[in-house]
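Below, chains carry the letters A, B, ... as their sequence lines are ordered, and counting in each starts from 1.
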Amino acid sequence: MAAAPSPAPSNFIRDIILEDLKTNKHNGRVQTRFPPEPNGHLHIGHAKAICIDFGLADEFGGDTNLRFDDTNPEKEETEYVESIKADVNWLGFQWDGLFYASDYFDQLYEWAVKLIKDGKAYVDDLTAEEIRKHRGTLTEPGKDSPYRNRSAEENLNLFERMRAGEFPDGSRVLRAKIDMASPNLNMRDPVMYRILHAEHHRTGNKWCIYPMYDFAHGQSDSIERVTHSLCTLEFEDHRPLYNWFIQQLGIFPSRQIEFDRLNLTYTLLSKRKLLQLVQEGRVTGWDDPRMPTLGGIRRRGYTPEAIRNFCGAIGVSKTNGSIELAMLEHFVREDLNKRSPRVMAVLRPLKVVIDNYPEGQVEEMDAVNNPEDPSAGTRKVPFSRVLYIEQDDFREDPPKGYFRLSPGREVRLRYGYFVTCTGVVKNEKGEVGEVHCTYDPASRGGNSPDGRKVKSTIHWVSAGHAVDAEVRIYENLFSKEDPSKVDEGKDVLDNLNPNSLEVLSHAKVEPSLANAAAGTRWQFERLGYFCVDPDSRPDKPVFNRTVALKDTWAKVEKKQGGTR
RNA sequence: UGGGCCGUCGACUAAUGGUAGGUCAAGUGCCUUUGGAGCACUUUGUCUAGGUUCGAAUCCUAGCGGCCCAGCCA
């Protein structure tokens, strides 16, 4: 039955939702949320979470909120919230509600007071260091704080004074009274509030105490009546605490479900490390086209559709593994192949003179814009006596199996003519500086009336008409498959690929590209997909290589141990 | 070493006690005015050992391996 089309594969989260729908757990309602902390830019890992949060809700006619988890004023900035909103939209999703954990600070405070009154929370005067020591270890239980049994009145008084700003940062915290001997460290009287005299990007100086993630997240979900709170695996150990607060407070029971975080080979998806790359100037910024940030891959030329297709294809599970970068690249090529107009561009130009072509003559050759899309039509490309071809497309001494131009060999110039190499002119260094050819006038457009075949078709631009361009070629930012695996005494940044960026400043592109708008995407025939960079100027367009085309010759050559 | 989670082709993921399938990668062939598009085909897998069962990737037990947790970060 191998030929039978497989049904769309489900995943364990969808199965849970389906089950909840079946049992009418939430009256058929599905509500999710995407809860980034506005302390950095979104990356491809967040794209996976976004696709899951929004995708699953959409699938069942549910809603998804965008909620900023802004409980730590020291790291958060408005600039980041704007960037995150733009990235979510760019990916193709619209949120239903837009909220901030800080919207709930008053409610959260009231709930903290309730827990104090119920004898479920206490103010602790221990220092951070002492709290750590009292927490015990993975194998040993913790010890109760000497302040654990203060009266509700005293706790309330102290907590109110914490809020009033009577105490310095770090002098006291509010803790949940749970179980210092719990095998789950998160349950050993977790901190609920800390004193932080810091200005918050939204609440300004209203507060000098801020709730911890654990005291904010579940309640925020509950306030928004989130039915399925989807997050990554490292929060598994927090779930009992998430549930504990909801239960003690008797509020709407959101359910936390964890899935595996995205890992991609040759790339690092840690906000902290990405920040370091930016701060140390290892990349040009958050939107450097080598960065896995959504800003970076957008500038690189990736499409939202490609990313969404990728996220759909990798699935959702709890297995922690690593997806091969080739998988992502496949989805980018697949999408770009359908939509990108083809053009001719020469990255490393080699001059070709067609000796028998009339001096001064120019012909407009018809070129197909996109063979995958006939409606894209055709365009005219100027052809003349002096052209540029790719240095790679000529070999004075062709190795076995090399089909491109070499002395005595005839090839097709795409949409042009058959040309035969008659000789080369070398420069003083002995390098081939100029290739001479003759053309067959009968082969105009690229076919010979006598039915003669050539083994190769190469691209070209007319020297007199080509536009100078800068082309930026990107390789993996890291040279290690798993960049987070660091050798003894080394740093992650030691795994950086020193050759991740190559700038070709003397590329020649066909004239139709002279005014290509920033952000437009093109396929340079035989080379790959390229996107116009915002750095482009009218006199000098700049292109980023999004991804190369698959190159079977490169593979063959590599296998032969070939040299270049 | 305590707790939590997870082990299916090289990678990712299905199969919900009943035919181990899909995608990527790799390989072979075809085709080609992109050597790169496209098409066809092929290879490789249930961590191990026991058990339950007519039947186990799936359930049970034990091992082994991986990831996460000791922030007043999220």
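If you take NE2 of His134(A) and P of C72(B), they are 14 Å apart, rounded to a whole angstrom. Rounded to an integer number of Å, the gap from CZ of Phe235(A) to C1' of G4(B) is 15 Å. Atom CZ of Arg132(A) and atom C1' of C69(B) are 15 Å apart (whole Å). Following rounding to the nearest Å, Tyr266(A) (OH) and A11(B) (P) show an atom-to-atom distance of 14 Å. Atom pair Glu481(A):CD and C24(B):C1' shows a separation of 14 Å (rounding to whole Å applied). For Asn447(A) and U32(B), the CG to C1' distance is 12 Å, given to the nearest whole Å. Distance CD (Glu37(A)) to P (G71(B)): 18 Å, rounded to an integer number of Å.
A cation-pi contact links Arg163(A) to Tyr109(A), judged by a cut-off of 6.0 Å to the six-membered ring centre and 45° from its axis.
For A74(B), the OP1/OP2 oxygens have a side-chain nitrogen or oxygen of Arg194(A) closer than 4.0 Å. Between Thr137(A) and G2(B) there is no side-chain N or O to OP1 or OP2 distance below 4.0 Å. Distances shown here put a side-chain N or O of Arg526(A) below 4.0 Å from the OP1 or OP2 atom of G35(B). Listed pair Arg342(A) / G36(B) fails the phosphate criterion, with no side-chain N or O lying under 4.0 Å from OP1 or OP2.
Val173(A) comes within 4.0 angstrom of a base, heavy atoms only. Using a 4.0 Å heavy-atom distance criterion, Asn39(A) is classed as making no nucleic acid contact. In this structure, Thr127(A) reaches the bases: a heavy-atom distance under 4.0 Å links it to at least one base atom across the strands shown. Ser182(A) comes within 4.0 angstrom of no nucleic acid atom, judged by non-hydrogen atoms across all strands. Residue Lys550(A) is classed as a base contact, given a heavy-atom separation below 4.0 Å to a base. Across all strands, Val316(A) comes closer than 4.0 Å only to sugar-phosphate atoms, never to a base (heavy-atom distances). When heavy atoms are screened at a 4.0 angstrom cut-off, Ile458(A) is found touching no nucleic acid atom at all. Across all strands shown, Asn184(A) has no heavy atoms under 4.0 Å from either base or sugar-phosphate atoms. Residue Leu126(A) is in base contact, counting any heavy-atom pair closer than 4.0 Å across all strands shown. Counting non-hydrogen atoms under 4.0 angstrom, Gln523(A) reaches a base of the nucleic acid. Heavy atoms of Tyr193(A) sit nowhere under 4.0 angstrom from any nucleic acid atom. Across all strands shown, Tyr210(A) has no heavy atoms under 4.0 Å from either base or sugar-phosphate atoms. Backbone-only contact: Arg135(A) has heavy atoms under 4.0 Å from sugar-phosphate atoms and none from a base. At a threshold of 4.0 angstrom between heavy atoms, the contacts of Ser456(A) with the nucleic acid are absent.
For the pair Gly136(A) and Pro36(A), nearest-nucleotide mapping onto RNA chain B gives the more 5' position to Gly136(A). Positionally, the nearest nucleotide of RNA chain B for Phe524(A) lies more toward the 5' end than for the other of Asp69(A) and Phe524(A).
Between Asp125(A) and the options Arg175(A), Arg150(A), Arg148(A), a salt bridge (charged side-chain N to carboxylate O under 4.0 Å, His left out) holds for only Arg150(A). Exactly one of Thr32(A), Asp221(A), Asp53(A) qualifies for a side-chain hydrogen bond (donor to acceptor under 3.5 Å, both in side chains) with Ser229(A). That residue is Asp221(A). Tested against His200(A), the residues Tyr100(A), Phe68(A), Phe105(A) include a single ring-ring contact (aromatic ring centres under 6.0 Å, His included) partner, Phe105(A).
Residue side chain Arg404(A) reaches the base of G35(B) through a donor-acceptor N/O pair under 3.5 Å, judged by distance alone. At a cut-off of 3.5 angstrom, the base of G36(B) holds at least one donor-acceptor pair with the side chain of Asp551(A).
Considering only the side chain of Pro371(A), U34(B) comes nearest among U34(B), G7(B), G35(B). Distance from the side chain of Leu138(A) is smallest for C69(B) among the nucleotides C6(B), G35(B), C69(B). Side-chain atoms of Tyr213(A) lie closest to A74(B) of the nucleotides A14(B), A74(B), G4(B). Relative to the side chain of Pro183(A), the nucleotides C5(B), U13(B), G3(B) differ in distance, and G3(B) lies closest. Side chain of Asn320(A), nearest nucleotide from C67(B), A74(B), G3(B): C67(B). In the set C72(B), C12(B), G3(B), the nucleotide with an atom closest to the side chain of Met212(A) is C72(B).
For the atom pair Tyr417(A) OH and Leu387(A) CG, the distance stands at 11.0 Å (nearest 0.5 Å). Atom CG of residue Leu230(A) and atom CD1 of residue Ile16(A) lie 8.5 Å apart, to the nearest 0.5 angstrom.
One P atom belongs to U53(B), the other to U48(B), and the distance between them is 22 Å to the nearest Å. G45(B) sits 12 Å from G21(B) when the P atoms are compared, rounded to a whole Å. If you take atom C1' in A62(B) and the same atom in C69(B), they sit 26 Å apart, rounded to whole Å. Between G17(B) and C59(B), the two P atoms lie 8 Å apart (nearest whole Å). Distance noted for atom C1' between U23(B) and A14(B): 11 Å (whole Å). One P atom belongs to G65(B), the other to C47(B), and the distance between them is 16 Å to the nearest Å. The P atoms of A40(B) and U52(B) are separated by 47 Å, rounded to the nearest whole Å.
Syn is the classification of G71(B), since its glycosidic angle stays within 90° of 0.
Residues Tyr266(A) and Glu481(A) are in side-chain contact: their nearest non-hydrogen atoms beyond the backbone lie under 4.5 Å apart.
A salt bridge is absent between Lys338(A) and Glu334(A); no separation between the charged side-chain nitrogens and carboxylate oxygens falls under 4.0 Å.
Counted by atom type alone, Glu129(A) and Thr127(A) present zero donor-acceptor pairs between their side chains at under 3.5 Å. No side-chain donor-acceptor contact under 3.5 Å links Asn184(A) and Ser182(A).
For RNA chain B, the residues of residues 323-337 of chain A within the heavy-atom distance limit of 4.0 Å (strictly under) are Ile323(A), Glu324(A), Ala326(A), Met327(A), His330(A), Asn337(A), sorted by number.
Aromatic rings of His238(A) and Tyr242(A) (six-membered ring for Trp) have centroids beyond the 6.0 Å cut-off, not under it.
Here Trp553(A) packs flat against the base of G35(B); its ring centre is closer than 5.5 angstrom to the base's six-membered ring, tilted by less than 30 degrees.
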